[in-house]
Asker: 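Have a look at this one.
Everything numeric here is computed off the predicted structure, so don't read it as measured data. Chain A is the first sequence line, chain B the second, and so forth, proteins listed ahead of strands; every chain is numbered from 1.
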Number of protein chains: 2
Amino acid sequence: MPPYDPSAFPPFAVTVDLVVLTVRRHALWALVVRRGEPPFQGRWALPGGFVRVDEDLADAAGRELREETGLCAQEVDAEAPPAGNGAHLEQLGTYGAPERDPRMRVVSVAHLALAPDLPAPRAGGDARSARWAPVDELLDRRGYGREDEPAAPLAFDHTRILCDGVERARSKIEYSSLATAFCPSEFTVGELRRVYEAVWGVVLDPRNFHRKVTGTPGFLVPTGGTTTRQGGRPAQLFSAGGATLLNPPMLRPEV
Amino acid sequence: MPPYDPSAFPPFAVTVDLVVLTVRRHALWALVVRRGEPPFQGRWALPGGFVRVDEDLADAAGRELREETGLCAQEVDAEAPPAGNGAHLEQLGTYGAPERDPRMRVVSVAHLALAPDLPAPRAGGDARSARWAPVDELLDRRGYGREDEPAAPLAFDHTRILCDGVERARSKIEYSSLATAFCPSEFTVGELRRVYEAVWGVVLDPRNFHRKVTGTPGFLVPTGGTTTRQGGRPAQLFSAGGATLLNPPMLRPEV
DNA sequence: TCAAAAGTGTTATGTGTACACCCATGG
DNA sequence: CCATGGGTGTACACATAACACTTTTGA
């Protein structure tokens, strides 16, 4: 790489920020880390960090995700099947308002990651504390009687980024098989339905849902096994099929 | 803004690139400019330029669009009605592979702009030559017997960016009122149908299309006038309604 | 008068929704 | 035995696709 000539163009810092979502206890949760330094010291923020000088944007996002969660992400460009127990990872959007970081001009390339219900988050290499928080609480929708933490707004413009990420997830599970990224490698139709219900915040008819997802070609493939981990009659186990785009799409009920 | 400390983070150049699309002669066209300097000297590229040090990303994209076309863009964040004779402008994605520009590390925030059929493109302030080119030709699909210019691949990763932009436009006119951004402020149902046909590369039934778009609430509002500029029986004139999301969506015929 | 494009009516077919009903397990 | 969730069948409402047909202009 030729030497950097500061007179030729304005210098920017480039970071990646992560919206990491999971479904737990019939709700949507996001991963947040506590800031140890100013600005916004002590406040919660999305995980993220600087892009290294010879690193691609998607690689940087995958590295941060691995550092925070231990997940091995399936990076995708446009559409790809979320496979195995890796998380889905895609670019969300870029946030570069001049004053979004008071210290310097920072452009952040936000990424969206979807993960199955995980054990506790790993503390980052720099020993920041990390936790899962209900999205409704972070977005101040008072969805939960708050837990141990008061709900202060996220640092920087991270509330906005989180909001955009949640909206992306909400709309994308309509027409893609992305909802399976919230499930373990083998799951039942009922578990998949609870993902849709949590992400959309609705209640779906179990019978029609079953017919729809099992009838959509390539969405689910039966593994042969069954489970009774949800109680009741044993349910067939499925894994995510090869299809990425659902046709016909899942329909989100009217509000 | 505090002074820049190069030791704290790797310095990046940040640019905006524009995918500007229009519909003309029953096909999709993109705006390209000829590069006057190495690398890729003499090759066609997407219009774009450096983000200024105190400029928001969307502002930079709007400025470049104005410099290239004279269009006054409606910048949007997520969804917004394309109004007046301004173009629709939205962020498309960010491209930051380490070697995408051989000179230095450049992260480009690509934007997608949709415009009605325009007069000739304005030469930029720096006198670069600009032209409209059929997208099929730029993407090497040989959709046209080529015109005066040989079809060399675009500079940098611009073919990929263009491809992503076209794909975004194709899918977004399905569920949003974005197709009206390709039309002048007043247009007929037939003209709107020709937009869909050009962007999707299909032929639609004029009768069913008419019923569908006029029956979708908020999509079109009649202006009262009529026109015969397409020949045949006079057609009602419409302008874009307030709706941004179409419910039910327009259905793209199977391939 | 004819061609061309705009619009309306009608019908077959498919898809979503609501809900009655049965199945297989654990307690 | 019953509660719990899994899964099937069926009837109705509604949307789409195909196409016959009428309307209104310019040439």
Asker: Treating B:Q91 as the side-chain partner and A:T94 as the backbone partner, does any N or O pair qualify as donor plus acceptor under 3.5 Å?
Answerer: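 Here the side-chain-to-backbone pair exists.
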
Asker: Nearest to the side chain of A:R211, heavy atoms from C-beta on, is which of C:dG16, D:dG9, D:dG26?
Answerer: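 Within the option list, the nearest is D:dG9.
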
Asker: Let me spell it out: for each of B:T228 and A:F238, pick the nucleotide of DNA chain D with the closest heavy atom. Which residue's pick is nearer the 5' end?
Answerer: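 Nearest nucleotide further toward 5': that of A:F238.
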
Asker: Think A:R194 has a side-chain N or O under 4.0 angstrom from the OP1 or OP2 of D:dG6?
Answerer: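 Affirmative; the distance criterion is met.
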
Asker: Please state how far atom CZ in B:R252 lies from atom C1' in D:dA15, giving the value in whole angstrom units.
Answerer: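 Roughly 20 Å, once rounded to whole Å.
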
Asker: Let me know, please, whether A:P234 or B:P234 comes out on the 5' side of the other along DNA chain C by nearest nucleotide.
Answerer: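 Upstream on the strand: B:P234.
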
Asker: Between B:K212 and D:dA15, is there a side-chain N or O to OP1/OP2 distance below 4.0 Å?
Answerer: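 Checking B:K212 against D:dA15: no side-chain N or O falls below 4.0 Å of OP1 or OP2.
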
Asker: Round to a whole Å and report the spacing from OH of A:Y196 to P of C:dG16.
Answerer: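 Those two atoms, OH and P, are 13 Å apart.
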
Asker: Would you indicate what B:R229 reaches in the nucleic acid, counting non-hydrogen atoms under 4.0 angstrom: base, sugar-phosphate, or nothing?
Answerer: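 It contacts nothing in the nucleic acid.
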
Asker: Rounded to whole angstrom units, what separation is found between the CG atom of B:D205 and the C1' atom of C:dG9?
Answerer: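 Rounded to the whole Å, the gap is 13 Å.
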
Asker: To the nearest Å, how far apart are B:L237 CG and C:dA6 P?
Answerer: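 Distance check: B:L237 CG to C:dA6 P gives 11 Å.
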
Asker: Phosphate oxygens OP1/OP2 of C:dA6: is one of them under 4.0 Å from a side-chain N or O of B:R193?
Answerer: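 Yes, because at least one side-chain N or O of B:R193 sits under 4.0 Å from OP1 or OP2 of C:dA6.
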
Asker: Between the base of C:dA6 and the side chain of B:R233, is there a donor and acceptor pair under 3.5 angstrom?
Answerer: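 In this structure, the two groups form a donor-acceptor pair.
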
Asker: Can you work out whether B:L251 or B:R207 has the more 5'-proximal nearest nucleotide on DNA chain D?
Answerer: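 Final value for this comparison: B:L251.
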
Asker: Tell me if a side-chain donor or acceptor on B:W29 pairs with a main-chain N or O of B:W132 at a distance below 3.5 Å.
Answerer: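 Looks like no, no N/O pair under 3.5 Å.
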
Asker: To the closest 0.5 Å, what do you measure between CG (A:L112) and CD (A:E167)?
Answerer: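 Here the rounded value is 11.5 Å.
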
Asker: Return the value, rounded to whole Å, for the distance between atom CG of A:N208 and atom C1' of D:dG6.
Answerer: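 Rounded to whole Å, this separation is 14 Å.
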
Asker: Are A:R168 and A:D164 close enough for a salt bridge, meaning some N to O gap below 4.0 Å?
Answerer: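 Salt bridge: no.
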
Asker: Starting at atom CD of A:Q236, determine the distance to atom P of C:dC23, rounded to an integer number of angstrom.
Answerer: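 In whole Å, C:dC23 P lies 17 Å from A:Q236 CD.
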
Asker: Tell me whether the side-chain N/O atoms of A:H210 come closer than 4.0 Å to OP1 or OP2 in D:dG7.
Answerer: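 So the side-chain polar atoms of A:H210 do come within 4.0 Å of the phosphate oxygens OP1 or OP2 of D:dG7, strictly under.
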
Asker: Quick check: do B:L237 and B:T188 have side-chain heavy atoms less than 4.5 Å from each other?
Answerer: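 Result yes, sub-4.5 Å side-chain heavy-atom pair found.
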
Asker: Rounded to the Å, how far apart are B:L204 CG and C:dA6 P?
Answerer: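 In whole Å, C:dA6 P lies 13 Å from B:L204 CG.
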
Asker: What does B:P248 touch in the nucleic acid at a heavy-atom separation under 4.0 angstrom: a base, only the sugar-phosphate, or nothing?
Answerer: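 Result for B:P248 = sugar-phosphate.
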
Asker: Tell me which nucleotide among D:dT16, D:dG26, C:dG7 gets nearest to the side chain of B:V189.
Answerer: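 Taking heavy atoms from C-beta onward, the closest nucleotide is C:dG7.
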
